[in-house]
Amino acid sequence: MDSHAIATEHGEHELHDEEHPAYLRHHFVTVDQQRETASFGMWLFLLTEIMFFGGLFMAYLLYRNWYYDAFVAGSNTLGIALGTTNTAVLILSSFTMAMGVYSAEIRSRKGLLTSLSCTILLGLVFLGIKSVEYHEKYVEHHIPGASFSVEDFVHPSDKRDVPLAPDMAQHAQLFFFLYFAMTGMHALHMIIGISILFVLLYQAYHGAYMNGHTSTIDNFGLYWHFVDIVWIFLFPLLYLISRHPLK
Amino acid sequence: MTASTPVAHEHHVVGPKIYLTILVALLVLTATTTGAAFINMGVFSPIVALGIACLKAVLVILFFMHIRYSSKVMMLTVGAGFFTFLVLITMTLSDYISRNWGLW
């Protein structure tokens, strides 16, 4: 270990000068220990997030088995082009965020400002496309609740679609409920993320994160990548896997 | 002092080259999974789609989230999280499958 080598080569005073920057809290011995502890704490939070979204995924899995025809019909009303575009946009934003973490590590203020701005922009593009999709559902009366219409499922306009019985068509509401719950929860995470990004951008503009203490940027990066991972699973489950239903 | 110095994992800076490679891989996999959705593979459609999704998630976790360069305790923590999620799925599904065993 490097820290051992330093500790044995130099005296304790020199160790304090070299290894004790202002941001190192007194209850940590080394910067690496502090960094790892911060990242460990962030991961523990992300584990609770896995279980939170996991519950929604589990519900989707079971209800899709239960009301398979309704879920297939509901899933096929989603636009695959917009979904794919959004996936690419989000992956790109994860890349720009990763570049932000790198910029903070090499202490490049310009790089950090550019990366954070691009991440905000791509996040907003994602939410914009998502709102276009939500609006489509509103126009089509596919939002579950009082104004939900089974018309498109009982009498499909596309001849290739199999008409559903009215009671099964009602269960398409369950698909759309889960669609809105999952993508809505995901979008909420993005809105929170973008809000934090604006704060980070403001701080970075005023010269923050240029002293080697990048835990805040690192941990936000972990959060942003986690939100990306949730979408990586939502995309195939909601948009892709029902294109060729089993007869 | 030496005795009380905790063994912290050495920090590793991941560079733009790796990030760019992973970005390209993720975009290619996204195109692949969308393309595969238009091919009729029967029961394998969801398996292929989720397989590609898992591969993408692993790439993000290992490289964008730096787990590839982290200490074992971090790897174990992340693994434990996904393992617990698998327990959730397995236990619920085994109940769901076996509740009316033989009646379908």
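Proteins come first, then strands; the chains are lettered A, B, ... in the order of their sequence lines, and each starts at number 1.
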Between [X] and chain B, which part of the residue has a heavy atom less than 4.5 Å away: side chain, backbone, both or neither?
| X | result |
| --- | --- |
| A:I229 | side chain |
| A:L222 | both |
| A:N65 | both |
| A:L92 | both |
| A:F28 | neither |
| A:I91 | both |

Measuring from atom [atom1] of [X] to atom [atom2] of [Y], what distance do you get when rounded to the nearest 0.5 angstrom?
| X | Y | atom1 | atom2 | result |
| --- | --- | --- | --- | --- |
| A:R243 | B:I39 | CZ | CD1 | 14.0 Å |
| A:L46 | B:I61 | CG | CD1 | 9.5 Å |
| B:K56 | A:S94 | NZ | OG | 11.0 Å |
| A:I50 | B:F83 | CD1 | CZ | 13.5 Å |
| B:H66 | A:H225 | NE2 | NE2 | 6.5 Å |
| B:L93 | A:L61 | CG | CG | 5.0 Å |

Mutual orientation of the aromatic rings belonging to A:F57 and B:F85 [parallel < 30°, tilted 30-60°, perpendicular > 60°]: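 The arrangement is perpendicular - the two ring planes meet at more than 60°.
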
For [X], is it the side chain, the backbone, both, or neither that has a heavy atom closer than 4.5 Å to a heavy atom of chain A?
| X | answer |
| --- | --- |
| B:S71 | both |
| B:F38 | both |
| B:V48 | neither |
| B:I67 | side chain |
| B:V14 | backbone |

Donor on one side chain, acceptor on other, B:H11 and A:E105, under 3.5 Å: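 There is such a pair between these side chains.
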
Any donor-acceptor N or O pair under 3.5 Å, side chains A:T87, B:T30: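 No, no side-chain donor-acceptor pair sits under 3.5 Å.
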
Side-chain heavy-atom pair A:E36, B:M74 within 4.5 angstrom cut-off: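 SC-SC contact between A:E36 and B:M74 confirmed.
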
Heavy-atom side-chain proximity of A:F95 to B:L20 below 4.5 angstrom: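 Contact flag for A:F95/B:L20 side chains = yes.
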
Nearest non-hydrogen partners of B:T77 and A:L44, listed with the distance: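 So the two residues come closest at CG2-CD2, 3.9 Å.
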
CA sep, side-chain torsions, deciding dist, call: A:F233, B:L50, side-chain contact (heavy atoms from CB on, under 4.5 Å): CA-CA 7 Å; A:F233 283 102; B:L50 285 175; 4.3 Å; yes

